[in-house]
Amino acid sequence: MKANVIALLGYPKFVYAFASVTAANPPSPPPSQGFPYDYAWISSANACSKPDFFDVNWKVYNNTKPLCKLYPMNAVETDPWPKERFRFKLMNEVALLPHRVISKRDPAAYVELQKDLKTDIIENHVLQNRVVQDNGSPWYNYPEDATLPKLLAQDDTDGIIIMHQGKIVYENYTPPFTSYTHHRIFSDTKSFVGLMVQMLINAGRLREDDQLTDYVPELKGSGFEGATVGNALNMRVAVAYAEYPDKCAKYEKSGNELPAFWGDKCVRQTCDFEDAFRQIRDNVTSTTSAEPFTYTFSVVPGCETMQMFDATITQAHSSYWEHYYGVPYNPGPQNLREFIPLLQKHKDQEHGKWYDEHTNYKSIITDVLAWVIDKILGEDGSSSEEYFEENLWSKVGQGHDAMLMLGNAQIPWWQGGMSVTLPDMARFSDVLLNGGKNKHGVEVVPEAVLARLRHPPADFLPKQVAGFQKCRMGYRDQFWIGQNQAGEAHADKTWFGFIGIHGQYAWIYPHLNMTVVRQSTDEDYDKWLGVVPCAHDAAFQELGVLLGQIAGSGK
């Protein structure tokens, strides 16, 4: 009995219930100075220290680091983070949230990347291939005498590795970033899930046309019911989930005109955070009973991403929950897999249909695929993390372990929680370029899986729409599909790659025998919604042609 009481005291709601039984007048919490003061504290570097409004008998410990933990992900901020704090966060995620170690295993299998540096050639080449609109005007803020270093610097690149014909030809790091820094790669993580699913399909463990609910019956009655594994792989699930609730505001902030193909899409509903908080708070206070706690959770249309963060990884003092939701604890789903089944089908979309990359792309779909993997592997007593380590990461010859973020209930955050070093991401990309085999000739990814990415059917190719030149992308198996920007000699060629927010990418160019891996802390990377990666892609393909000419390969 004693152990049970102690365990219960670890949870705020049980503390409140216990106190109500043992004390007629429980003590009140220290007075708050109210919002936004409380938020300024819980989002500061001293969020792990004594608040100023506490009058206690201990002295404050002032944190000297930019952050002590990840504060609420859905909070409203009018100003961007200071660059120092943002860079610290992306390079120290493993210290701010729990992570699962994905071991590189046998050090004897280590692959040292060979170098044939072409630094001067690459850095001094003035780029000619420009991203332009249909009227010929530039659609990217090109610096004067644009070179690759200028583009990378203005877009806050932390590090980059270019490999050509299996060797590093360009490598650069911006301090404090190093070759051994674990940098969060955000949605690059999704592509690893795509590989695992296709490898399990290749092994006969599941099929593309199987229903998601065949493996995860918890999804029956949700917006995922009726969707197939293939629909999820290709981001064609018509679940109501706003991936880009502030898309229009970000684009308008750039000062650019809206692309013609968008039409009136920027007048559709976006997430009003304060209104969403009010709706949730009103719902909590109207449906909550004291004993036992009873609450009917509702998904707020347009604010699904905010609510997902609260269920998954938000770390907050009780004053945060009290202010926003009216109770001193999270009243909603307590982890990702409690939240997902609450999502409903989008009334204007259909499963299996591609609209455009901003409409179809919904990160939560990747978490459902990971859930499918866990269900299948759970039959063997294994998991997605163990499968990834044993069948992918440990077979490449990596220099470092990978780190996978864990949300509440130790659920891996496969939609965007991986942190890796830049050279390790380059090694992995080189395996994908070279038919799925590592430098020792060991198969890591079956060729049949990679053939789907090298030769995608027409339905998965980038759609050509007025307003762009070569900037649209397709999507297949959780990878982005890009198109040729290297001239007529490479007409109809495509490439595939990983892309993560804030400037993370790993791009595989089979037609140029080249890979490019970049890690970044570019807060504005997604502001132009496609033009920045498109401009970088144009630059890399131009350099790929140049490198091929220098090597005499003709590729």
K.L.:
Examine distances only and state if a side-chain atom of Ser520 and a backbone atom of Asp156 form a donor-acceptor pair shorter than 3.5 Å.
P.N.:
yes
K.L.:
Crowded around Asp106 CG? As in, over 12 foreign heavy atoms under 6.0 Å?
P.N.:
yes
K.L.:
Please evaluate residues Arg184 and Glu93 with respect to the criterion salt bridge (charged side-chain N to carboxylate O under 4.0 Å, His left out), reporting the C-alpha separation (whole Å), side-chain torsions for both, the decisive distance (0.1 Å), and the verdict.
P.N.:
CA-CA 7 Å; Arg184 185 172 170 189; Glu93 294 275 15; 3.0 Å; yes
K.L.:
Output all residues satisfying side-chain hydrogen bond (donor to acceptor under 3.5 Å, both in side chains) with Glu447, sequence neighbours left out; order by chain, then residue number.
P.N.:
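None.
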K.L.:
Is the shortest side-chain heavy-atom distance between Trp393 and Val420 below 4.5 Å?
P.N.:
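Result yes, sub-4.5 Å side-chain heavy-atom pair found.
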K.L.:
Which heavy-atom pair separates Leu450 from Gly436 by the least distance, and what is that distance?
P.N.:
CD1-N, 3.2 Å
K.L.:
Taking the side chain as every heavy atom from C-beta outward, state whether Val197 and Val372 have any pair of such atoms under 4.5 Å apart.
P.N.:
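No, every pair of side-chain atoms sits at 4.5 Å or beyond.
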K.L.:
Among all residues two or more places apart in sequence or in another chain, which pass the ring-ring contact (aromatic ring centres under 6.0 Å, His included) test with Phe339?
P.N.:
none
K.L.:
Could you go through the side chain to side chain contact (heavy atoms under 4.5 Å, CB included) check for Ile364 and Gln415 one step at a time?
P.N.:
CA-CA 7 Å; Ile364 201 73; Gln415 68 165 265; 4.3 Å; yes
K.L.:
Could you tell me which residues satisfy ring-ring contact (aromatic ring centres under 6.0 Å, His included) with Tyr61, sequence neighbours excluded, listed by chain and number?
P.N.:
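Applying ring-ring contact (aromatic ring centres under 6.0 Å, His included) to Tyr61 gives none.
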K.L.:
Drop me the distance from Thr312's OG1 to Ile340's CD1, to the nearest 0.5 angstrom.
P.N.:
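Going from the OG1 atom of Thr312 to the CD1 atom of Ile340 covers 7.5 Å.
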K.L.:
Are Phe186 and His502 near enough that their ring centres are under 6.0 Å apart?
P.N.:
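Ring centroids of Phe186 and His502 are less than 6.0 Å from each other.
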K.L.:
Does Asp374 form a salt bridge (charged side-chain N to carboxylate O under 4.0 Å, His left out) with Arg337? I'd like the steps, not just the answer.
P.N.:
CA-CA 12 Å; Asp374 280 335; Arg337 291 176 182 173; 2.8 Å; yes
K.L.:
Give the intermediate values and the outcome of side chain to side chain donor-acceptor pair (under 3.5 Å) for residues Asp537 and Gln541.
P.N.:
CA-CA 6 Å; Asp537 172 37; Gln541 293 206 46; 3.0 Å; yes
K.L.:
Any chance you could measure Leu406, atom CG, to Trp413, atom CH2, to the nearest 0.5 Å?
P.N.:
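Taking CG in Leu406 and CH2 in Trp413, the distance rounds to 12.0 Å.
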K.L.:
Does a side-chain N-to-carboxylate-O contact under 4.0 Å join Lys362 and Glu243?
P.N.:
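No, this pair does not count.
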K.L.:
One thing to verify: whether Glu389 and Arg105 come together as a salt bridge, which I'm taking to mean a side-chain N less than 4.0 angstrom from a carboxylate O.
P.N.:
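The answer is yes: the pair qualifies as a salt bridge.
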K.L.:
If you look only at pairs with a residue in residues 161-182, which of them pass as a salt bridge (charged side-chain N to carboxylate O under 4.0 Å, His left out), with sequence neighbours excluded?
P.N.:
Lys115-Glu171
K.L.:
Side chains of Asp477 and Gln198: donor-acceptor distance under 3.5 Å anywhere?
P.N.:
yes
K.L.:
Just by modelled atom types, is the Tyr170 backbone N or O under 3.5 Å from a matching donor or acceptor in the Thr119 side chain?
P.N.:
no
K.L.:
Quick one: pull up OH in Tyr173 and OG in Ser179 and give me the separation to the nearest 0.5 Å.
P.N.:
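It is 5.0 Å, given to the nearest 0.5 Å.
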K.L.:
Between Lys65 and Glu84, is there a side-chain N and carboxylate O pair less than 4.0 Å apart?
P.N.:
no
K.L.:
Any side-chain heavy-atom pair from Pro457 and Arg476 closer than 4.5 angstrom?
P.N.:
yes
K.L.:
Please identify each residue that fulfils side-chain contact (heavy atoms from CB on, under 4.5 Å) with Glu386, with sequence neighbours left out.
P.N.:
Arg100, Ser382, Ser383
K.L.:
Please check if atom NZ in Lys493 has more than 12 non-hydrogen atoms from other residues, nucleotides or ligands closer than 6.0 Å.
P.N.:
no
K.L.:
Is any side-chain heavy atom of Thr228 closer than 4.5 Å to one of Glu208?
P.N.:
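Glu208 does not reach Thr228 side chain to side chain.
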K.L.:
When you compare the side chain of Leu369 with that of Trp414, does any pair of heavy atoms fall below 4.5 Å?
P.N.:
no
K.L.:
Applying salt bridge (charged side-chain N to carboxylate O under 4.0 Å, His left out), can you list everything that pairs with Lys375, at least two apart in sequence or on another chain?
P.N.:
Glu218
K.L.:
Taking the side chain as every heavy atom from C-beta outward, state whether Met425 and Asp188 have any pair of such atoms under 4.5 Å apart.
P.N.:
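Counting from C-beta outward, Met425 and Asp188 do come under 4.5 Å.
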K.L.:
Any Lys/Arg nitrogen of Asp116 or Lys118 sitting under 4.0 Å from an Asp/Glu carboxylate oxygen of the other?
P.N.:
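Judged by the 4.0 Å cut-off on N to carboxylate O distance, Asp116 and Lys118 do form a salt bridge.
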K.L.:
Would you confirm whether Lys190, through its side chain, and Phe479, through its main-chain N or O, come within 3.5 Å as a donor-acceptor pair?
P.N.:
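Checked: no pair found.
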K.L.:
Are there more than 12 heavy atoms of other residues, nucleotides or ligands under 6.0 Å from atom NZ of Lys437?
P.N.:
no
K.L.:
List in chain and number order the residues that pass salt bridge (charged side-chain N to carboxylate O under 4.0 Å, His left out) with Asp209, two or more places apart in sequence or in another chain; answer none if no residue qualifies.
P.N.:
Arg207
K.L.:
Partners of Ser394 by side-chain hydrogen bond (donor to acceptor under 3.5 Å, both in side chains), sequence neighbours excluded?
P.N.:
none
K.L.:
Could you go through Thr521 and Gln504, starting from their C-alpha distance and side-chain angles, then the distance that decides it, and tell me whether this counts as side chain to side chain contact (heavy atoms under 4.5 Å, CB included)?
P.N.:
CA-CA 8 Å; Thr521 48; Gln504 328 311 318; over 6 Å; no
K.L.:
Above 12 or not: heavy atoms from other molecules or residues under 6.0 Å from OH of Tyr110?
P.N.:
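Yes.
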K.L.:
Counting C-beta onward and ignoring hydrogens, is there a side-chain heavy-atom pair between Ile102 and Met403 closer than 4.5 Å?
P.N.:
no
K.L.:
For Trp480, what residues pass the ring-ring contact (aromatic ring centres under 6.0 Å, His included) criterion, not counting sequence neighbours?
P.N.:
Tyr361, Tyr475
K.L.:
For Asn434 and Asp430, run side chain to side chain donor-acceptor pair (under 3.5 Å): C-alpha distance rounded to whole Å, both residues' side-chain angles, the deciding distance at 0.1 Å, then the answer.
P.N.:
CA-CA 6 Å; Asn434 291 293; Asp430 188 59; 3.0 Å; yes
K.L.:
Output yes when Asp424 and Arg427 qualify as a salt bridge under the 4.0 Å nitrogen-oxygen rule, no when they do not.
P.N.:
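Salt bridge between Asp424 and Arg427, a charged N being under 4.0 Å from a carboxylate O: yes.
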K.L.:
Run the numbers on Asp155 and Val532 for side chain to side chain contact (heavy atoms under 4.5 Å, CB included), then give the verdict.
P.N.:
CA-CA 8 Å; Asp155 294 325; Val532 174; 3.8 Å; yes
K.L.:
Checking Asp459 now: which residues fulfil side-chain hydrogen bond (donor to acceptor under 3.5 Å, both in side chains) with it, not counting sequence neighbours?
P.N.:
Arg236
K.L.:
Which is it for Tyr509 and His164 under the side chain to side chain contact (heavy atoms under 4.5 Å, CB included) test, yes or no, and what are the steps along the way?
P.N.:
CA-CA 10 Å; Tyr509 296 96; His164 183 252; over 6 Å; no
K.L.:
Any non-hydrogen side-chain atom of Ile373 less than 4.5 Å from a side-chain atom of Ile376?
P.N.:
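Ile373 vs Ile376: side chains apart.
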K.L.:
Compute both the distance and the angle, then confirm whether Arg130 meets the cation-pi test with Tyr142: under 6.0 Å from the six-membered ring centre, within 45 degrees of the axis.
P.N.:
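Flagged: Arg130 positioned over aromatic ring of Tyr142.
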K.L.:
Starting from the C-alpha separation in whole Å, work towards a yes-or-no answer on side chain to side chain donor-acceptor pair (under 3.5 Å) for Thr515 and Trp507.
P.N.:
CA-CA 6 Å; Thr515 63; Trp507 293 343; over 6 Å; no
K.L.:
Looking at residues at least two apart in the chain, or sitting in another chain, which of them share a ring-ring contact (aromatic ring centres under 6.0 Å, His included) with Phe428?
P.N.:
Phe192
K.L.:
With sequence neighbours excluded, what pairs up with Asp401 under the salt bridge (charged side-chain N to carboxylate O under 4.0 Å, His left out) test?
P.N.:
none
